[in-house]
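What follows is one structure encoded as structure tokens, with my remarks underneath.
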Amino acid sequence: MIRPRSVPGLHVICPDDQLEREDALLTMSALCTAGGAGLALHLRPRRVSARRCWELARALSPISSRTGGWIVINGRTDVAKLIDVDAVQLGHGALPIDAARELLGGDCAIGVSVHSEAEAFRADQAGADFLLLGTIFPTASHPDEPGAGVSRIHGCFGLEAPVIAIGGIDESRVSTVIEAGASGVAVIRAVWGAHDPADAVRRLIAELETSRLRSGIRMRIEVNGKPVELESSGTVQDLLHELGLDSRMVVVERNREIVRRDDLEAVRVAEGDSYEIVQFVGGG
Amino acid sequence: MTLRTLEDLPSGDPLIIAEREFTSRLIVGTGKYASHEETVDAVRASGAEMVTVAVRRVDLDATNQESLLHHLDPEEFFLLPNTAGCFTAEDAIRYARLGREVGLSSWVKLEVIGDQETLLPDTDALLEATRVLVDEGFTVLPYTNDDLITALRLEEAGAAAVMPLASPIGSGLGLLNPINIRILKARLSVPVIVDAGVGTASDACLTMEQGVDGILMNTALAAAERPVLMAGAMREAVRAGRAAWLAGRMPTREWGVPSSPSTGMLG
């Protein structure tokens with residue numbers, strides 16, 4: 001099972017028109033870098049070929065494992081298995097959770113798209129690692145649906161799987177859904193409709209962090225095997241400062257990857273991160 | 001430079017590992033000392049240039065748990081991170097990478113322990129970790145047992161030196177199998193550093209007299225009643241043993257041979 005708190009807060013969905021673009025890889029890797037560990041990039045191929053999806057996932061996977069973010073394949077469990085991505089998203093008509101788990105093993109998180117409290121409850125019971133709960137606000141991609149409003153998020157209170165709100169969410173609505181109890185947001189237009197998508201990702205992640213902290217949700221991480229709660233967000237360098245450590249004297253491993261000294265000020269601490277901070281001591 | 005007197009050592013007879021010259025053939029560890037001050041005093045008294053350190057978690061609860069880097073100046077000593085306490089190749093590789101990230105060098109004293117009671121090495125895992133780390137550009141100094149075949153394989157895997165034990169880590173039993181150590185030395189091209197088991201100055205001297213390139217020790221100093229004094233004794237012993245080896249000892253005989261002339265005796 002995936003630890004629920006480690007699911008990234010911002011889910012950016014790449015629909016067909018984005019997957020088809022010639023510069024897709026360039027744009028998407030820029031998003032991965034901008035989003036770091038806080039970003040789950042969903043490849044959602046509907047009419048796009050399996051091959052195109054596989055090529056993109058294969059190229060993006062090493063980038064996301066460096067940044068600590070996730071690549072999520074929507075629907076195509078075959079591609080997810082081949083590339084060994086972080087998560088698969090199961091929507092309408094996809095494999096059941098059990099079957100997907102059997103195919104993908106325990107290291108691949110399973111997200112399920114749900115559109116009511118009842119569906120959310122069933123997916124949670126069936127062992128989903130996170131839920132994409134729609135449709136919260138009216139959206140261009142589902143023009144016929146009125147939008148359930150944040151009451152649907154309230155209705156999912158107490159579920160084990162983190163709830164990621166989807167549907168008409170932009171920067172101005174992030175705080176509303178987080179206050180309602182969502183763990184994160186999924187967006188399409190808020191990023192792809194922006195003049196600078198990478199900048200939109202950065203702004204959304206910053207807004208998510210602010211909203212969480214404003215709602216009294218502390219960032220929970222683990223340092224040297226012990227739980228640590230942070231009241232503010234920041235970089236790994238800020239974390240070392242908070243802990244009273246001199247960055248020249250220690251080495252930091254974040255989620256089992258060494259953070260190079262030059263990157264300490266660039267890498268942001270994300271919810272659910274696990275750190276090992278080591279130093280030289282006497283030894284033979 | 002010709003070596004004629006003890007004073008020609010060590011400058012005329014440096015220890016060379018991976019093209020780097022060390023003036024002292026004694027390498028010392030920094031574990032188990034009573035204080036940082038005692039560590040530094042003993043290391044200085046030993047004359048060692050290469051000094052091993054361990055990589056461990058920072059203790060977040062202790063306010064005054066300082067890095068050894070505050071006390072051992074990397075300008076004065078060549079710090080060699082170890083992978084002590086690792087029981088798998090994967091762990092040892094992880095520790096080696098962390099040690100390198102401190103930014104001093106790409107050298108590692110590689111230990112993969114196979115048994116908690118004896119602390120004897122897991123030589124399969126050791127070979128595997130050596131291959132991976134050499135491939136990643138590390139200068140690997142593996143701690144191993146005194147087995148020739150393993151030593152040859154480590155050399156083949158790219159180890160910069162091979163470090164067989166004299167006896168188990170921390171045992172102080174001295175050199176248990178001088179013959180194996182001599183065989184290793186005769187057959188390997190890379191330097192042979194005896195690592196672990198030396199207990200006192202005579203052990204160190206006897207070990208160096210086998211012709212090995214150096215000795216690595218920790219507990220023999222740290223667990224002595226007066227560590228700084230023992231460090232000085234070890235410095236002298238390693239130097240004496242090396243000089244004796246270079247000097248070429250006399251052959252042994254079972255019967256007495258007079259040292260004074262048998263002619264010119266009074267009538």
Side-chain angles (χ1 to χ4, degrees), chain A residues 62 65-68 84 107 218-232 234-267 269 272-284, chain B residues 27-36 38-40 42-43 51-61 63-72 74 79-85 90 94-95 97-104 109 111 119 143 169-170 195-196 216-222:
Chain A
S65 49
R66 185 168 49 76
T67 63
D84 195 18
D107 285 342
R218 291 180 176 195
M219 193 182 283
R220 280 195 261 175
I221 60 170
E222 195 180 273
V223 181
N224 289 357
K226 290 178 182 161
V228 171
E229 292 198 351
L230 301 175
E231 286 178 15
S232 59
T235 64
V236 178
Q237 179 71 52
D238 297 332
L239 173 66
L240 292 178
H241 184 75
E242 184 96 348
L243 296 169
L245 299 171
D246 181 345
S247 63
R248 291 165 304 173
M249 295 290 166
V250 299
V251 176
V252 181
E253 224 187 34
R254 172 174 174 268
N255 303 328
R256 291 198 73 119
E257 295 262 347
I258 289 173
V259 182
R260 308 299 308 265
R261 199 153 282 165
D262 294 344
D263 293 339
L264 290 173
E265 301 215 33
V267 178
V269 176
D273 274 353
S274 174
Y275 292 87
E276 291 288 351
I277 304 177
V278 300
Q279 65 181 358
F280 279 162
V281 302
Chain B
I27 304 166
V28 295
T30 51
K32 297 194 277 194
Y33 284 96
S35 65
H36 284 312
E38 191 183 68
T39 310
V40 176
V43 169
V51 175
T52 64
V53 293
V55 173
R56 289 292 181 272
R57 278 176 168 174
V58 170
D59 185 352
L60 298 172
D61 297 331
T63 43
N64 202 18
Q65 272 277 2
E66 286 183 322
S67 162
L68 202 57
L69 279 175
H70 283 113
H71 302 275
L72 285 175
L79 299 184
L80 179 66
N82 70 23
T83 63
E90 191 191 357
R94 187 181 180 196
Y95 276 73
R97 288 174 181 155
L98 287 167
R100 173 161 75 174
E101 201 57 31
V102 172
L104 297 177
K109 178 197 159 179
E111 269 184 42
L119 301 179
Y143 154 75
I169 295 173
D195 176 7
L216 196 164
M217 62 179 77
N218 188 154
T219 312
L221 308 189

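Atom set for the values below is all heavy atoms of this structure, side chains included, hydrogens, waters and symmetry mates excluded. If you're wondering where the values come from, they're calculated on a predicted model, not measured in any experiment. A note on names: the letters A, B, ... follow the listed sequences, proteins ahead of strands, and every chain is numbered from 1.
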Take atom CD in A/Glu242; do more than 12 heavy atoms of anything else shown fall under 6.0 Å from it? no
Taking the side chain as every heavy atom from C-beta outward, state whether B/Arg57 and A/Lys226 have any atom pair closer than 4.5 Å. no
Should A/Gln279 and B/Leu69 count as side-chain neighbours, where that means a heavy-atom distance under 4.5 Å? no
Top contributor to chain A contacts, counting heavy-atom pairs under 4.5 Å, from B/Asp195, B/Leu72, B/Ile169, B/Thr52: B/Thr52
Non-hydrogen atoms of A/Gly282 and B/Ala54 that approach each other most closely: O-CB, 3.9 Å
Do the side chain of A/Arg260 and the main chain of B/Glu101 share a donor and acceptor less than 3.5 angstrom apart? no
Side chain, backbone, both or neither: which part of B/Leu104 has a non-hydrogen atom closer than 4.5 Å to chain A? side chain
Chain A contact via B/Lys109 - side chain, backbone, both or neither, heavy atoms under 4.5 Å: side chain
Atom of A/Arg261, atom of B/Val102 and distance for their closest heavy-atom approach: NH1-O, 3.1 Å
Between the CG atom in B/Leu60 and the CG atom in A/Leu245, the distance rounded to the nearest 0.5 Å is 6.5 Å
Could you check A/Arg256 against B/Arg94 for side-chain contact (heavy atoms from CB on, under 4.5 Å), going step by step and ending with a plain yes or no? CA-CA 9 Å; A/Arg256 291 198 73 119; B/Arg94 187 181 180 196; 3.1 Å; yes
Sequence neighbours left out, what passes side-chain contact (heavy atoms from CB on, under 4.5 Å) with A/Asp246? Give chain and number order. A/Arg248, A/Met249
Tell me if the NE2 atom of A/His241 is crowded by more than 12 foreign heavy atoms within 6.0 Å. no
Which bit of A/Leu243 is near chain B, if near means a heavy-atom gap under 4.5 Å: side chain, backbone, both or neither? side chain
Can you say whether A/Val223 sits under 4.5 Å from chain B via the side chain, the backbone, both, or neither, judging by heavy atoms? both
Treating B/Arg56 as the side-chain partner and A/Val281 as the backbone partner, does any N or O pair qualify as donor plus acceptor under 3.5 Å? no
Residue from B/Gly31, B/Gly103, B/Gly29, B/Gly170 scoring the most non-hydrogen pairs under 4.5 Å with chain A is B/Gly31
Please check if atom OH in B/Tyr143 has more than 12 non-hydrogen atoms from other residues, nucleotides or ligands closer than 6.0 Å. yes
With sequence neighbours left out, write down each residue that passes side-chain contact (heavy atoms from CB on, under 4.5 Å) with B/Thr39, or none if nothing qualifies. B/Thr30, B/Tyr33, B/Val43
